[in-house]
Number of protein chains: 2
Amino acid sequence: MEEDFLRELGMLSITTRLKRITDKMLHDGKKMYQELGLDIEPNWYVIFLILDEHESLSITEIANKIQFAHPSVVAMVEKMTKKGFLISVPHETDNRKRYIQLSEKAKTKLPTYKKIWAAGVSGMNAMIGHTNFLNLLNEIEDKLNDTGFKNRTLNELNANEN
Amino acid sequence: MEEDFLRELGMLSITTRLKRITDKMLHDGKKMYQELGLDIEPNWYVIFLILDEHESLSITEIANKIQFAHPSVVAMVEKMTKKGFLISVPHETDNRKRYIQLSEKAKTKLPTYKKIWAAGVSGMNAMIGHTNFLNLLNEIEDKLNDTGFKNRTLNELNANEN
DNA sequence: TTAATTTATGTAGTCAACTACGTAATAATA
DNA sequence: TATTATTACGTAGTTGACTACATAAATTAA
């Protein structure tokens, strides 16, 4: 077994380790789609599923619902449109807006993709289903949204000065 | 309170949410150093502390100890050297190797930085110290290192086909 | 009705990890 | 000893999120 200096550092290295884990998962996911010969990317499930549920949403609506910055959504939608999975419909009166919808191709392929995603969930469950990781994640996100990491640290710094 | 579609998706969106959290923390950390007027970056603590402990390490040794790919270490070391925090000493006999060490400037500044990092740990502890998050992280990393996310999913897929 | 503000989208560039590949030096083997 | 394999490091390019800024349309206010 290799040494892991980050692990030794405990709480200090949480952020770095989360990034390390996340990168590994993302990379692994990418490879999985390639091996399965599927022409989609790992994070597209979000768009597929939200449009499966809502049928027609604007860029901003999607961004709000998934709590991403809107340029991230623009980028995903652009790629998926190029691959023929999405279509854009201009708003009837508001010329700024466009509505994003699943294409027929997307609707056809969706059941197949859903099976893959379900298998991913099973794998994840087998790995961490017995823990309360999901609840912890919710808690951390709530707290970070309330008071960011920066302010929490600055508060601690000020407290120590007294 | 805003809707959060990712949260509704449960286990399926774990990776995406981890990235979302991680990005937020990194960005927040960056801003913190700026506000404090410190000329260092959020992830440099790893290099500072490992060289505080070991004094003289090669690029590859650092990469192994923190379990990063070596080009990541090269990039960090390069930046820190430019800022005057690190020096490189060529190996006496092996012309491929260079040893990385803390500069005098780094040694002078280190106590100040350590206070900041300690405050960060306090903040993190106040936030998630009551949980077993650290243990969970260890468990997840161990399992991912053992069998990656991809293979876990492919196994589940095959299992369902029978 | 004109001006100011807000909203929706798009573009450009950043960030911190990664892989893939290249090269030179060293070590191991035939 | 000559060849081959390994090791150390470096460079180039990718990834998927982000911020900051730009622009045009719609709404609100003066």
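To find a chain, count down the sequence lines: A is the first, B the second, and so on, and within it residues start at 1.
- Residues from residues 6-30 of chain B that place a heavy atom under 4.0 Å from any atom of DNA chain D, listed by number: B/Thr16, B/Lys19, B/Asp23, B/His27.
- The CG atom of B/Leu86 sits 16 Å away from the C1' atom of D/dC9 (whole-angstrom rounding).
- C/dA8 atom C1' lies 11 Å from atom NE2 of A/His91, rounded to whole Å.
- If you take CD of B/Glu78 and P of C/dA16, they are 14 Å apart, rounded to a whole angstrom.
- The side-chain tip of B/Lys105 points at the ring of B/Phe85 from less than 6.0 angstrom away and within 45° of straight on.
- Atoms CD1 (B/Ile40) and C1' (C/dA16) sit 16 Å apart, rounded to a whole Å.
- A/Met11 and B/Gly129 make their closest contact through CE-CA, 4.1 Å (heavy atoms, listed as atom of the first residue, atom of the second, distance).
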Checklist entry - What is the per-nucleotide protein-contact pattern of nucleotides 22-29 of chain C, from the 5' end, where B denotes a base atom under 4.0 Å from a protein heavy atom, S denotes such proximity for sugar-phosphate atoms only, and - denotes neither? => result ---BS---
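- The phosphate of D/dC18 has OP1 or OP2 within less than 4.0 Å of a side-chain N or O from A/Ser72.
- Summarising the geometry, the separation between NZ on A/Lys97 and P on C/dG10 is reported as 13 Å, rounded to the nearest angstrom.
- Remark: B/His54 engages no residue in a ring-ring contact (aromatic ring centres under 6.0 Å, His included) (not counting sequence neighbours).
- A/Met76 has its side chain within reach of A/Phe68: a pair of non-hydrogen atoms, C-beta onward, lies under 4.5 Å apart.
- Out of C/dT11, D/dG16, D/dC9, the shortest distance to the side chain of A/Val74 is found at C/dT11.
- Listed nucleotides D/dA17, C/dA16, C/dA20 differ in distance to A/Met76; the shortest reach to its side chain belongs to D/dA17.
- Between A/Phe68 atom CZ and C/dT9 atom P the separation is 17 Å, expressed in whole Å.
- Within the structure, side chain to side chain donor-acceptor pair (under 3.5 Å) pairs that include any residue of residues 124-137 of chain B comprise A/Glu139-B/His130 (at least two apart or interchain).
- Residue B/Thr60 places at least one side-chain N or O closer than 4.0 Å to OP1 or OP2 of D/dC9.
- Residue-to-nucleotide proximity on DNA chain D shows that, of A/Lys79 and B/Ile59, the 5′-proximal contact is made by B/Ile59.
- Taking each heavy atom of B/Leu6 and B/Thr16 in turn, the nearest pair found is CD1-CG2, 3.8 Å.
- For residues 81-90 of chain A, the set of pairs meeting the side chain to side chain donor-acceptor pair (under 3.5 Å) definition, not counting sequence neighbours, comprises A/Asp39-A/Lys83, A/Ser88-A/Arg98.
- Taking atom CG of A/Asn43 as the reference point, atom C1' of D/dC18 lies 14 Å away to the nearest angstrom.
- Between the CD atom of A/Gln67 and the P atom of D/dG16 there is a distance of 21 Å, rounded to whole Å.
- At distances below 3.5 Å, not a single donor-acceptor pair connects side-chain atoms of A/Ser13 with backbone N or O atoms of A/Leu9.
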Could you pull out all donor-acceptor pairs under 3.5 Å where a side-chain atom in residues 27-35 of chain A meets a protein atom, sequence neighbours excluded?
{"from": "A/Asp28", "atom 1": "OD2", "to": "B/Phe149", "atom 2": "N", "distance (Å)": "2.8"}
{"from": "A/Asp28", "atom 1": "OD2", "to": "B/Lys150", "atom 2": "N", "distance (Å)": "2.6"}
{"from": "A/Tyr33", "atom 1": "OH", "to": "A/Trp117", "atom 2": "NE1", "distance (Å)": "2.9"}
{"from": "A/Glu35", "atom 1": "OE2", "to": "B/Lys150", "atom 2": "NZ", "distance (Å)": "2.7"}

